[in-house]
Peer 1: 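Supplied in structure tokens, the structure appears directly below.
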Amino acid sequence: MIGGGQAGLSTAYFLRKFGISYVVLDHSPAPGGAWQFRWPSLTLSTAHRVHDLPGMPLEVQDASRPASEVVSEYFARYERTFDLNVRRPVHVSAVRDDGERLVVESSAGTWRARAVVNATGTWDKPFLPYYPGRETFRGRQLHSSAYPGKEAFAGKHVVVVGGGASATQQLAEISQVTSTTWVTRRPPEWRDIGKFDENWGRKVEAAVAANTARGGPPRSVVSYTGLGMTPEVKDAKERGVLERLPMFDRITPDGVAWDDGRFIRADVILWATGFRPAVDHLAPLRLREPAGGIAVENARAVREPRLFFVGYGPSASTIGAARAGRVAATGVRDLLRSQVPQAA
């Protein structure tokens, strides 16, 4: 298995339960998946809900603590409790087909596997769109994944780019200490975070699954769910911070500009523009569909039945990742059973 975040640990739990020999290759320096890299001001109360891993609940925590600390401790405790076979840091460079097995090439050696579960998520592939003039900007540019906290921006005008949850959360914080401008490609669609229900969740997951099954490129979470109006974001909206502008057309040395003549001076451009699936190591398997994505059904790659995906498509959410672990592990178990020669 490649990846030791929530989806990977969930899958490892079920593989162990089914008595299947496995190894988890995780390139992060410590337990915690992508959560260990979240900005310190993202507390458990302001983060998207962290769903329980199978077999061991997160339990009640101090919601004011950084989510990076709480979740990393939880994942580490989970690995110890179930004695999961995780090796780190291990970087996987490629997965190939040698005609008989899938060959996993890594910084810790090579494995020949009857099945591979890919649980690499998206954190390692921050997306930075190109706009003309980006290389000429004299200020600071950074992706939201490298957000250092609001204090780093005091006294600087910050242009926040993006219409997702990270954009609104970081914009709400930064606007407390300095002036900001918010730009998005599309007008935001807001929803009340208290109006979740099981039926709504199933509809969202079904829509994501349909897109993934046909090999469509993974879309942002908010394109399905809309933006949540947390108390912090609501406060920012009431302060007038969330008056968005359409995307600028170009970047100048001193700011951003539109073709209609509008210009805004900027000291910082914060690209809260999301991520792409971290699947470059799978390129030798030639899994891409014409639409640009990898077709996956029931956690299994359509073009390579020995390869399973968790943390991709409908299982990219915390609740979906945990549930997909059982689906993927069951698929691996059934695949291995089918490979056992039948007695005459």
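All residue numbers refer to positions in the sequence shown, counting from 1. Treat the numbers as computed from the prediction; the structure is a model and nothing was measured.
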Peer 1: Before we go on, tell me: are the rings of His143 and Phe127 under 6.0 Å apart, centre to centre?
Peer 2: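 For His143 and Phe127, the ring centres are not under 6.0 Å apart.
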Peer 1: Check the hydrophobic clustering (I, L, V, M, F, W, Y; side-chain heavy atoms under 4.5 Å; chains of links allowed) and say if Phe263 and Ile251 are grouped together.
Peer 2: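 The answer is no; the residues belong to distinct hydrophobic clusters.
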Peer 1: Which class fits the ring pair Trp39 and Tyr147: parallel under 30°, tilted 30 to 60°, perpendicular over 60°?
Peer 2: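 Geometry flag for Tyr147 against Trp39: perpendicular rings.
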Peer 1: Is any side-chain heavy atom of Leu9 closer than 4.5 Å to a side-chain heavy atom of Val86?
Peer 2: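 Side-chain contact under 4.5 Å: yes.
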Peer 1: How close do Val310 and Ala328 get, heavy atom to heavy atom, and via which atoms?
Peer 2: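 Taking Val310 first and Ala328 second, the nearest heavy atoms are CG1-CB, 3.6 Å.
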Peer 1: Decide yes or no on side-chain contact (heavy atoms from CB on, under 4.5 Å) for Leu58 and Val70, but give the supporting numbers first.
Peer 2: CA-CA 9 Å; Leu58 175 59; Val70 174; 4.3 Å; yes
Peer 1: Taking all heavy atoms of Phe75 and all of Gly5, pick out the closest pair and write down the distance.
Peer 2: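 Phe75 and Gly5 have their closest heavy atoms at CE2-C, 4.1 Å.
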Peer 1: What about Val268 and Val183, same hydrophobic cluster or not, with Ile/Leu/Val/Met/Phe/Trp/Tyr joined at side-chain heavy-atom distances under 4.5 Å?
Peer 2: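 Not linked; separate clusters.
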Peer 1: Is there side-chain contact between Arg38 and Val71, with heavy atoms separated by less than 4.5 Å?
Peer 2: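 No. Closest side-chain heavy atoms not under 4.5 Å.
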Peer 1: One pair to check against side chain to side chain donor-acceptor pair (under 3.5 Å): Asp254 and Thr252. What are the steps and the verdict?
Peer 2: CA-CA 5 Å; Asp254 301 309; Thr252 75; 5.3 Å; no
Peer 1: Check this for me, if you would: do Lys156 and Asp267 make a salt bridge, where the nitrogen-to-carboxylate-oxygen distance has to be below 4.0 angstrom?
Peer 2: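 Salt bridge flag = no for Asp267 with Lys156.
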Peer 1: Is the CD atom of Glu243 crowded by more than 12 outside heavy atoms at less than 6.0 Å?
Peer 2: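 No, the 6.0 Å shell around CD holds no more than 12 heavy atoms from other groups.
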Peer 1: Between Asp97 and Leu285, which heavy-atom pair has the shortest distance, and what is it?
Peer 2: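 So the minimum-distance heavy-atom pair works out to N-CD2, 3.8 Å.
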Peer 1: Between Phe308 and Leu335, is a side-chain contact (heavy atoms from CB on, under 4.5 Å) present by the stated rule, with each step listed?
Peer 2: CA-CA 11 Å; Phe308 297 81; Leu335 172 69; 4.0 Å; yes
Peer 1: Ignoring hydrogens and angles, state whether a donor on the side chain of Thr181 or His157 is under 3.5 Å from an acceptor on the partner side chain.
Peer 2: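 Yes, His157 and Thr181 have a side-chain donor paired with an acceptor closer than 3.5 Å.
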Peer 1: Applying a strict under-4.5 Å side-chain criterion to I, L, V, M, F, W and Y, I'd like to know whether Val103 and Leu336 cluster together.
Peer 2: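 Different clusters.
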Peer 1: Show the nearest heavy-atom pair for residues Phe275 and Pro126, with the distance to one decimal.
Peer 2: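 Taking every non-hydrogen atom into account, CD2-CA, 3.6 Å.
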Peer 1: Can a salt bridge be assigned to the pair Glu79 and Arg88 using a cut-off of 4.0 Å between side-chain N and carboxylate O?
Peer 2: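 Yes, Glu79 and Arg88 are salt-bridged.
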Peer 1: For a quick test of your reading: what N or O donor-acceptor pairs under 3.5 Å do the side chains of residues 10-20 make, sequence neighbours left out?
Peer 2:
from: Ser10; atom 1: OG; to: Ala322; atom 2: O; distance (Å): 2.7
from: Thr11; atom 1: OG1; to: Ala7; atom 2: O; distance (Å): 2.9
from: Arg16; atom 1: NE; to: Phe82; atom 2: O; distance (Å): 2.7

Peer 1: Could you walk me through whether Ser41 and Glu173 pass the side-chain contact (heavy atoms from CB on, under 4.5 Å) test, one step at a time?
Peer 2: CA-CA 9 Å; Ser41 58; Glu173 286 190 13; 2.8 Å; yes
Peer 1: So which atom in Val23 and which in Trp111 form the shortest heavy-atom distance, rounded to 0.1 Å?
Peer 2: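 For Val23 versus Trp111, the nearest heavy atoms are CG1-NE1, 3.9 Å.
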Peer 1: Measure from the side-chain N and O atoms of Thr168 to the backbone N and O of Ala165, and report whether any donor-acceptor pair falls under 3.5 Å.
Peer 2: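 A pair under 3.5 Å: yes.
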Peer 1: Check whether Trp123 reaches the backbone of Ala278 with its side chain - one donor and one acceptor, N or O, closer than 3.5 Å.
Peer 2: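 Side chain of Trp123 to backbone of Ala278, a donor-acceptor pair under 3.5 Å: no, none is there.
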Peer 1: Using the rule that Ile, Leu, Val, Met, Phe, Trp and Tyr join whenever any side-chain heavy atoms are under 4.5 Å apart, tell me whether Phe137 and Phe153 fall into a single cluster.
Peer 2: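 As far as the 4.5 Å side-chain criterion goes, Phe153 and Phe137 are not connected within one cluster.
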Peer 1: For Glu135 and Tyr130, which I'm curious about, is there any donor-acceptor pair between the side chains at under 3.5 Å?
Peer 2: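 There is such a pair between these side chains.
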Peer 1: Kindly indicate whether the side chain of Pro54, heavy atoms from C-beta on, has any atom under 4.5 Å from the side chain of Arg326.
Peer 2: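 Answer no - side chains too far apart.
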Peer 1: Checking Gln170 against Leu270 for the side-chain contact (heavy atoms from CB on, under 4.5 Å) test, could you report, in this order, the C-alpha distance in whole Å, the side-chain angles of both residues, the deciding distance, and whether it holds?
Peer 2: CA-CA 9 Å; Gln170 294 173 3; Leu270 177 61; 3.4 Å; yes
Peer 1: Ion pair present between Arg112 and Asp98, side-chain N to carboxylate O less than 4.0 angstrom?
Peer 2: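 A salt bridge is present here (some side-chain N lies under 4.0 Å from a carboxylate O).
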Peer 1: May I ask whether Met56 and Leu84 are part of the same hydrophobic cluster, defined by side-chain heavy atoms of I, L, V, M, F, W, Y residues being less than 4.5 angstrom apart, directly or through others?
Peer 2: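 Met56 clusters together with Leu84.
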Peer 1: Could you check if a side-chain atom of Glu304 sits within less than 4.5 angstrom of a side-chain atom of Val116, using non-hydrogen atoms only?
Peer 2: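 Glu304 vs Val116: side chains apart.
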Peer 1: Is the shortest side-chain heavy-atom distance between Leu282 and Val279 below 4.5 Å?
Peer 2: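 Result yes, sub-4.5 Å side-chain heavy-atom pair found.
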Peer 1: Using a strict threshold of under 4.0 Å (side-chain N to carboxylate O), is an ion pair present between Glu289 and Arg303?
Peer 2: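 Glu289 and Arg303: salt-bridged.
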Peer 1: Donor-acceptor pair, distance only, cut-off 3.5 Å: does the side chain of Arg337 make one with the backbone of Val332?
Peer 2: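 No; judged by distance alone, with no hydrogens or angles, the pair does not exist.
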Peer 1: Test of understanding: with side chain to side chain contact (heavy atoms under 4.5 Å, CB included), list the residues that count as partners of Thr43, not counting sequence neighbours.
Peer 2: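 By the side chain to side chain contact (heavy atoms under 4.5 Å, CB included) rule, Thr43 matches Ser45, Thr46.
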Peer 1: Would you please test Arg114 and Gln339 for side chain to side chain donor-acceptor pair (under 3.5 Å) and show each step?
Peer 2: CA-CA 9 Å; Arg114 296 163 64 190; Gln339 294 174 347; 2.9 Å; yes
Peer 1: Checking Tyr312 side chain against Ile294 main chain: does a donor-acceptor pair fall under 3.5 Å?
Peer 2: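 Yes, Tyr312 side chain to Ile294 backbone: donor-acceptor pair under 3.5 Å.
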Peer 1: Any salt bridge linking Arg65 with Glu73? Criterion: basic side-chain nitrogen under 4.0 Å from a carboxylate oxygen.
Peer 2: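 Result for this pair is yes, salt bridge flagged.
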Peer 1: Do Val161 and Phe248 make a side-chain contact, defined as non-hydrogen atoms from C-beta onward lying under 4.5 Å apart?
Peer 2: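 Heavy-atom side-chain distance check passes, below 4.5 Å.
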Peer 1: I'd like to check Arg262 versus Val256 (side-chain heavy atoms, cut-off strictly below 4.5 Å). Are they in contact?
Peer 2: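 Side-chain contact under 4.5 Å: no.
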Peer 1: With the side chain counted from C-beta on, respond yes when Leu245 and Ile264 share a heavy-atom pair under 4.5 Å apart, and no when they do not.
Peer 2: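 Yes, side chains in contact.
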Peer 1: For residues Trp182 and Gly163, report the shortest heavy-atom separation together with the two atoms involved.
Peer 2: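 Where Trp182 meets Gly163 most closely, the heavy atoms are CZ2-CA, 4.4 Å.
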Peer 1: Walk me through it: do Arg239 and Ser175 pass the test side chain to side chain donor-acceptor pair (under 3.5 Å)?
Peer 2: CA-CA 9 Å; Arg239 289 188 282 114; Ser175 63; 3.1 Å; yes
Peer 1: Quick check: are there more than 12 heavy atoms from other residues, nucleotides or ligands sitting under 6.0 Å from CG of Asn298?
Peer 2: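 Counting other residues, nucleotides and ligands, CG of Asn298 stays at 12 neighbours or fewer.
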Peer 1: So with a 6.0 Å cut-off around CZ of Arg250, is the heavy-atom count from everything else above 12?
Peer 2: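 Yes, the 6.0 Å shell around CZ holds more than 12 heavy atoms from other groups.
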Peer 1: Give a yes-or-no answer on whether the side chains of Ser93 and His281 include a donor-acceptor pair shorter than 3.5 Å.
Peer 2: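 There is no such pair (donor and acceptor under 3.5 Å, judged by atom type) between the side chains of Ser93 and His281.
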Peer 1: Using the test ring pair (Phe, Tyr, Trp, His ring centres under 6.0 Å), find all partners of Trp271 that sit at least two apart in sequence or belong to another chain.
Peer 2: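 Listed in chain order: nothing, the list is empty.
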